[in-house]
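Each remark here refers to the structure printed beneath this line.
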Amino acid sequence: SGMFLHHFNTEFEINRRPTFLLDNNWYFLQDSFLKDLNRACERILKNFKAPNSLLMKTWNLKKENTEKKYNLLYKDLKNYLVFDTIAISGIELCDIIKYDSQNVYLIHVKRGFDSSMRELYNQIILSARRVEESRSSKDKAYLKKCFDSLIKKKQGNSIDSVDKFLELFQKNIKYVMAFSNNNSNNAVENEIGKIKSSIAKFSVIQTSSEMRSNYFELLFTQIQHE
């Protein structure tokens, strides 16, 4: 039960005062903290943008009504691999890989910019830790298992051997937090004061800080939707 509560997050207002539960800790937010939270989140989203061409597919929220359906739009595209629903020992490498001659982008996708962004924080940190460990090991066991599962799922057509797959992780590794705006296609960073979810903003800041301090570069991109 303790582990379950640690992953249970919620947020609401008490007497018009924003309050949230995060990692089994309660936070009661002062106006000054909210202003700092907004400024920091806005700065990060503006300064660490992923290339616009990374996720070019518009998200039809009625047709592709789940993250999996959206992710699978990329499975037959050149230089893309889809890892959605592939988890090795409970750890997802990412949802989508995009690579070019110099970089490999490990993209984690979430519908909406709300408290579910906390899931992306957990997924990205766990993935980065495991990738770093696997790259440094002799057997590369985690990455090899990821490739084996990819082949079984038939969600990638541009890498046909484990050696080619492992070569991707000798490139510049860049993680990507990808999300849509809940209510419009307006850039989240341009209307950060209107975004109600403090957990989403806090998750952006914390993920950015931990990734840059301990693992890999982290970028952000907003998916346009219909």
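Side chains are part of it too, since the values below use all heavy atoms of this structure and drop only hydrogens, waters and symmetry mates.
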Spacing of CD belonging to Glu92 relative to SG belonging to Cys94, to within rounding of 0.5 Å: 9.0 Å
Pair Asn60-Glu226, side chain to side chain donor-acceptor pair (under 3.5 Å): steps then yes or no: CA-CA 5 Å; Asn60 186 324; Glu226 299 177 20; 3.3 Å; yes
Test: Arg39 and Asp36 ion pair at under 4.0 Å: yes
Val109 and Ile96: CA distance, side-chain angles, deciding distance, side chain to side chain contact (heavy atoms under 4.5 Å, CB included) verdict: CA-CA 8 Å; Val109 174; Ile96 302 169; 4.3 Å; yes
Derivation of the side chain to side chain contact (heavy atoms under 4.5 Å, CB included) call for Glu217 and Ile173: CA-CA 7 Å; Glu217 184 176 359; Ile173 296 176; over 6 Å; no
Separation between CG of Leu143 and CG of Leu166, rounded to the nearest 0.5 Å: 6.0 Å
Stepwise side chain to side chain donor-acceptor pair (under 3.5 Å) check, Lys98 with Asn79: CA-CA 6 Å; Lys98 170 65 174 13; Asn79 291 8; over 6 Å; no
Within-4.5 Å side-chain heavy-atom neighbours: His108 and Glu119: no
Taking every non-hydrogen atom, the tightest pair across Phe147 and Asp160: CZ-C, 4.0 Å
For Arg43, side-chain hydrogen bond (donor to acceptor under 3.5 Å, both in side chains) partners two or more places apart: none
Distance-minimising heavy-atom pair for Cys41 and Ile205: N-CD1, 3.9 Å
From CE (Met56) to CD (Gln224), nearest 0.5 Å: 13.5 Å
Side-chain touch Phe83/Ser149, heavy atoms, less than 4.5 angstrom: no
Least distance between heavy atoms, Ala141 atom then Ser134 atom: N-OG, 4.0 Å
Inter-residue atom distance Lys57.NZ - Ile223.CD1, 0.5 Å rounding: 13.0 Å
Any Asn190 side-chain heavy atom under 4.5 Å of Lys46 side chain: yes
Under 3.5 Å: donor-acceptor pair, side chain of Glu132, backbone of Ser127: no
Thr85-Lys153 side chain donor-acceptor pair, cut-off 3.5 Å: yes
Step-by-step side chain to side chain contact (heavy atoms under 4.5 Å, CB included) determination, Met117 to Phe202: CA-CA 9 Å; Met117 291 289 287; Phe202 189 82; over 6 Å; no
Worked verdict on Lys62 versus His225 for side chain to side chain contact (heavy atoms under 4.5 Å, CB included): CA-CA 10 Å; Lys62 292 182 179 180; His225 60 75; over 6 Å; no
Atom pair CG (Asn185) and OG1 (Thr58), whose distance is rounded to the nearest 0.5 Å: 8.0 Å
Met177 vs Thr207 side-chain heavy atoms within contact, under 4.5 Å: yes
Whether Phe179 and Phe113 hold their rings parallel, tilted or perpendicular, with breakpoints at 30° and 60°: tilted
Donor-acceptor pair, side chain of Lys154 and main chain of Ile151, under 3.5 angstrom: no
Where Ala178 and Leu55 come nearest, the two heavy atoms and their spacing: CB-CD1, 3.6 Å
For the student: nearest non-hydrogen atoms of Tyr99 and Ile159, plus distance: OH-CD1, 3.6 Å
Tyr70 and Trp59 aromatic ring geometry - parallel, tilted or perpendicular at 30°/60° bounds: parallel
Side chains of Ile192 and Lys201 in contact at under 4.5 Å (non-hydrogen atoms): yes
Between Glu191 and Asn181, a side-chain donor and acceptor under 3.5 Å: yes
Any donor-acceptor N/O pair, Ser203 side chain to Ile199 backbone, under 3.5 Å: yes
Whether over 12 other heavy atoms sit under 6.0 Å from Lys145 NZ: no
Any donor-acceptor N/O pair, Lys171 side chain to Ser101 backbone, under 3.5 Å: yes
Whether Tyr175 and Phe216 hold their rings parallel, tilted or perpendicular, with breakpoints at 30° and 60°: parallel
Nearest atoms (heavy-atom pairs only) where Gly112 meets Ser180: N-OG, 2.8 Å
Axial cation check for Tyr142 ring with Arg130, 6.0 Å and 45° limits: yes
Atom pair CG (Leu93) and CD1 (Ile88), whose distance is rounded to the nearest 0.5 Å: 9.0 Å
Pair Gln123-Arg118, side chain to side chain donor-acceptor pair (under 3.5 Å): steps then yes or no: CA-CA 9 Å; Gln123 291 170 5; Arg118 193 62 184 175; over 6 Å; no
Validation row: Ile125, Asn214 side chains within 4.5 angstrom (heavy atoms): no
Side-chain (Lys194) to main-chain (Val188) donor-acceptor, under 3.5 angstrom: no
Asn52, CG: over 12 other non-hydrogen atoms inside 6.0 angstrom: no
Partners passing side chain to side chain contact (heavy atoms under 4.5 Å, CB included) against Gln170 (at least two apart in sequence or in another chain): none
Asn65 side chain vs Leu61 backbone, donor-acceptor pair below 3.5 Å: no
Passing candidate, side-chain contact (heavy atoms from CB on, under 4.5 Å) with Ile107, options Leu54, Asp95, Val82: Leu54
4.5 Å side-chain heavy-atom contact, Leu81 and Tyr74: no
4.5 Å side-chain heavy-atom contact, Ser198 and Leu37: yes
Salt bridge Glu133-Arg129, side-chain N to carboxylate O under 4.0 Å: no
Electrostatic pair Lys164-Glu167, nearest N-O below 4.0 angstrom: no
Side-chain donor/acceptor of Lys144 to backbone N/O of Asp163, under 3.5 Å: no
